[in-house]
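Data first, discussion second: the structure below is written as structure tokens.
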Amino acid sequence: MLDIKYVIDHLDEVIENLSHRNGDYNYLRELPKLQQERVELIQKRDALKNARNSLSKKIGQLMAQGQKDEAEAIKKQVSDSKEEIARDDARVEEIDQIIKETLLKTPNLTDASLPIGTDDTFNRVEKVVGEPTKFDFQPRSHWDIGVQKGYFDFDRAVKVAGPRFVFYKGPFARLERAVASFMLDTHIAHGYTEVLPPYLVNTETMTGTGQLPKFADQAYHVDNQTEGNYWLIPTAEVPVTNLYRGEILDGADLPIRYTAYSSCYRAEAGAAGRDTRGIIRMHQFQKVELVTFTKPEDSFKELEHLTEEAERILELLKLPYRRVCLSTGDVGFNAAKCYDLEVWMPSYENYKEISSCSNDTDFQARRMSIRFKRTKDSKAELVHTLNGSGLAVGRTVAAIIENYQQADGTIRVPDVLVPYMGGMTVIE
RNA sequence: GGAGAAGUACCCAAGUGGUUGAAGGGACCGGUUUCGAAAACCGGAAGUAGGUGCAAGCCUAGCAGGGGUUCAAAUCCCCUCUUCUCCGCCA
């Protein structure tokens, strides 16, 4: 959520910035009028309330002195303002609601360092690590390999759940678990604290990180008849970032760095026909997430730190990848700046997104009211929040299967994963 | 799921209709004492949001959340949430 005062004071600049994301944000021009009406009403109403409060106090005193008649006379006077106060209260509340709804559906401002453009073709490749894997045989896709070996079962997943679900079996199930453990262990060795969050969260939480109200169609809603009204998390970012919703942190504790493994649930509405083969785009997938809370002046530096932490996984797994800075038209709703990490995927003969690392500046923090104090006596300021995949586990497994496949149909286990596979060096 | 109890500021806690935004502790800050510390004693400040002002300050809201009664609500009424205890069920 943007700051109402900032939006009003920099209206043209804000609309100009947002226009680089695509879409029309001229509705923000309604805000100054609303805000003005709001302030005028508040001033008028507060004056009425002030008069009422002091008269009421006087009534108390008169009653205590036994001057009943005079008290009665004042009572009448106070009653008269009641209706007007109630009317003003209602209108202020109404305006607050409109302002809030307007701001909640408005995305974050993008940082000046982003390439300006309408879509992903304007994204800027910032670095390329390793080279596309070369094979002296015809490489196969991870789904061909998995289905043929019986380690991926898509057909029965359709029966049991539906399309875009999968059963992992045998060594592939173990590989998924190994990859997740390896990622977590790596991150905690670099100062991230492991968190195991709830997979179901409430509506306030989903609103705090920006999934609601605008993207309800992307989330699964779980509504039990007798108890509970929950949303399945689309990423661990949601519960973990909401950890400190409504709190004031000690500035000395920042940055706070968390890593969390979770399953993630996404409706993938509007993705029909995209990535339909394999395990690239599932309704449920596993991900290891990185979440950081920082002071405002540190967040862009922290974005580099967090992205490098995610890259570390790819480097240790010796997977070819590149880092891309998303353009203004491709960057997510919450983010001021976002790097995608893309892994080389032989079946696509291209790089495929495997991590998305964002600096959300104070956008989520303002929605959630997460603040910090530099010292005990200083004013509370909004923190900056960041998050990134470190990494998507399923896509990492797919990348390993494809990049580490061998001519005889077996798959070599990356060295760093061997201990996690119980010493197994090759998946037969 | 059933039955009870409770939710007041950083923590404990008094307060059942009228100068109570809130007694009293603790923690915190300053001081006395001490080589220094602890303890004790003295003193002090106190959070949040909105409005206004250069500022000091002033006004409004706020005692789990939301409604209601009243001239006036932490205090009375209704609903919701959460926590605790006992029973039941459960990985």
Side-chain angles (χ1 to χ4, degrees), chain A residues 1-9 31-104 196-208 222-231 239 242-253 263 362 365-383:
Chain A
M1 188 162 75
L2 301 176
D3 180 8
I4 174 78
K5 284 186 177 142
Y6 185 89
V7 171
I8 287 174
D9 291 345
L31 288 177
K33 266 179 285 176
L34 281 168
Q35 179 73 344
Q36 193 189 342
E37 183 187 351
R38 175 176 175 277
V39 167
E40 283 167 7
L41 270 174
I42 285 173
Q43 287 173 8
K44 167 163 156 282
R45 179 202 64 182
D46 283 359
L48 288 173
K49 284 188 175 179
N50 185 11
R52 181 195 65 188
N53 287 348
S54 46
L55 285 175
S56 289
K57 226 169 238 179
K58 197 176 282 175
I59 292 172
Q61 289 163 354
L62 289 172
M63 299 283 275
Q65 294 164 18
Q67 295 173 273
K68 277 214 149 156
D69 292 345
E70 296 177 38
E72 284 301 325
I74 301 178
K75 269 191 201 181
K76 203 152 201 173
Q77 208 180 327
V78 182
S79 299
D80 291 345
S81 68
K82 248 188 131 172
E83 207 173 296
E84 191 172 1
I85 291 176
R87 205 165 44 229
D88 293 348
D89 268 338
R91 178 59 184 160
V92 169
E93 202 174 311
E94 193 184 346
I95 294 173
D96 281 346
Q97 195 58 35
I98 294 170
I99 290 175
K100 193 176 174 196
E101 280 169 13
T102 303
L103 291 173
L104 280 179
L196 179 60
Y199 290 8
L200 273 66
V201 296
N202 59 36
T203 297
E204 295 75 63
T205 294
M206 287 287 275
T207 305
V222 180
D223 194 0
N224 182 279
Q225 284 301 308
T226 53
E227 126 98 43
N229 174 15
Y230 297 110
W231 298 84
N242 272 275
L243 260 174
Y244 296 122
R245 172 152 50 88
E247 297 191 28
I248 297 178
L249 306 173
D250 182 346
D253 294 336
S263 291
D362 60 8
R366 186 172 294 106
R367 286 172 164 247
M368 286 182 277
S369 187
I370 304 179
R371 290 168 296 169
F372 76 103
K373 289 189 176 186
R374 292 178 190 274
T375 68
K376 204 168 115 348
D377 300 318
S378 45
K379 203 167 151 50
E381 302 169 57
L382 291 169
V383 301

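Quick caveat: nothing in here was measured; it's all calculated off a predicted structure. Proteins come first, then strands; the chains are lettered A, B, ... in the order of their sequence lines, and each starts at number 1.
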- Separation of the C1' atoms in B:rU48 and B:rA9, to the nearest angstrom: 10 Å
- Can you tell me the pairing partner of B:rG36 across any strand shown, Watson-Crick or G-U wobble, with both distances under 3.5 angstrom? none
- Base-pairing mate for B:rC90 - Watson-Crick or G-U, with both contacts under 3.5 Å: none
- Message: I need the CZ-P distance between A:F372 and B:rU48, as an integer number of Å.
- Response: 14 Å
- Residue A:R38, side-chain heavy atoms: nucleotide from B:rG51, B:rU19, B:rC71 that is nearest: B:rG51
- Let me know the distance between CD of A:E70 and P of B:rC71, rounded to the nearest Å. 19 Å
- Item | Rounded distance in Å between the C1' positions of B:rA6 and B:rA61 | 26 Å
- What nucleic acid atoms does A:I59 come within less than 4.0 Å of, heavy atoms only: base, sugar-phosphate, or nothing? base
- Message: Expressed as a whole number of angstroms, how long is the span from A:I95:CD1 to B:rG51:P?
- Response: 13 Å
- Task: Take atom C1' in B:rC42 and the same atom in B:rU33, then report the distance between them in whole Å.
- Result: 11 Å
- Assign each of A:I42 and A:S79 to its nearest nucleotide of RNA chain B by heavy atoms, then name whichever residue's nucleotide is nearer the 5' end. A:I42
- Task: Kindly say if A:R52 contacts the phosphate of B:rA61, meaning a side-chain N or O under 4.0 Å from OP1 or OP2.
- Result: yes
- Message: For B:rC58, give the paired nucleotide (Watson-Crick: N1-N3 plus N6-O4 or O6-N4; G-U: N1-O2 and O6-N3; both under 3.5 Å), or none.
- Response: B:rG51
- Task: In whole angstrom, give the distance that lies between atom CD of A:Q67 and atom C1' of B:rC71.
- Result: 16 Å
- Task: Mind listing the closest non-hydrogen atom pair of A:P239 and A:P198 along with its distance?
- Result: CG-O, 3.6 Å
- Message: Tell me which nucleotide, if any, is Watson-Crick or G-U wobble paired with B:rU82 when both distances must be under 3.5 Å.
- Response: B:rA6
- Given that A:A51 and A:I248 both sit by RNA chain B, which one's nearest nucleotide is further toward the 5' end? A:I248
- Query: When rounded to the nearest Å, what value does the distance between C1' atoms of B:rG51 and B:rA39 take?
  - Reply: 48 Å
- Query: Has A:Q43 got a side-chain N or O lying under 4.0 Å from the OP1 or OP2 atom of B:rU52?
  - Reply: yes
- Task: Determine the interatomic distance between P on B:rG66 and the same-named atom on B:rC71; round to the nearest Å.
- Result: 23 Å
- Task: For A:K57, answer base if it contacts any base atom (sugar-phosphate contacts may also be present), sugar-phosphate if it contacts only those atoms, and nothing otherwise; contact means non-hydrogen atoms under 4.0 Å.
- Result: nothing
- Message: When you measure from the side-chain N and O atoms of A:K5 to the phosphate of B:rG51, is any distance below 4.0 Å, counting only OP1 and OP2?
- Response: yes
- Task: Write down the distance between CG (A:L41) and C1' (B:rC59), rounded to a whole number of angstrom.
- Result: 16 Å
- Query: Paired with B:rU75: which nucleotide, if any, by Watson-Crick or G-U wobble criteria at under 3.5 Å for both distances?
  - Reply: none
- Message: Between B:rG7 and B:rU60, how far apart are the two C1' atoms, rounded to whole Å?
- Response: 26 Å
- Message: If I pick the P atom on B:rC77 and the same atom on B:rA5, what distance separates them, to the nearest angstrom?
- Response: 14 Å
- Query: Would you say the side chain of A:E247 lies within less than 4.5 Å of the side chain of A:I370, judging by non-hydrogen atoms?
  - Reply: no
- Query: In whole angstroms, how far is the P atom of B:rG50 from the CZ atom of A:R366?
  - Reply: 11 Å
- Task: Provide the Watson-Crick or G-U wobble partner of B:rU70, both distances under 3.5 Å; none if there is no partner.
- Result: none
- Evaluate the criterion salt bridge (Lys or Arg N to Asp or Glu O under 4.0 Å) for residue pair A:E381 and A:R374; output intermediate values, then yes/no. CA-CA 8 Å; A:E381 302 169 57; A:R374 292 178 190 274; 2.5 Å; yes
- Between A:N53 and B:rA61, does any side-chain N or O lie under 4.0 Å from OP1 or OP2? yes
- Message: For the NZ atom on A:K58, are there more than 12 heavy atoms of other groups (residues, nucleotides or ligands in this structure) within a distance under 6.0 Å?
- Response: no
- Message: So for atom NZ, which belongs to A:K44, do other residues, nucleotides or ligands contribute more than 12 heavy atoms lying within a distance under 6.0 Å?
- Response: yes
- Query: So what's B:rU19 paired with, Watson-Crick or G-U wobble, going by both distances under 3.5 Å?
  - Reply: none
- Between B:rU48 and A:K373, is there an OP1 or OP2 to side-chain N/O distance shorter than 4.0 Å? yes
- Message: Ignoring hydrogens and geometry beyond distance, is a side-chain donor-acceptor pair present between A:Q36 and A:E40 at under 3.5 Å?
- Response: yes
- Query: Does a donor on one side chain and an acceptor on the other come within less than 3.5 Å for A:N202 and A:T205?
  - Reply: yes
- Item | Distance, C1' atom - from B:rA64 to B:rC84, rounded to whole angstrom | 15 Å
- Note on the structure: Partner of B:rG43 under the Watson-Crick or G-U wobble criteria, both distances under 3.5 Å, comes out as B:rC29
- Message: Closest approach to the side chain of A:V39, judged atom by atom: which nucleotide of B:rU48, B:rA72, B:rU52 is it?
- Response: B:rU52
- Nearest-angstrom distance from the residue atom CD of A:Q35 to P of B:rU52: 9 Å
- Take atom CD of A:E93 and atom P of B:rA49, then tell me their distance rounded to the nearest Å. 20 Å
- Message: Surrounding CG of A:D253 (heavy atoms of other residues, nucleotides or ligands, distance under 6.0 Å), is the total greater than 12?
- Response: yes
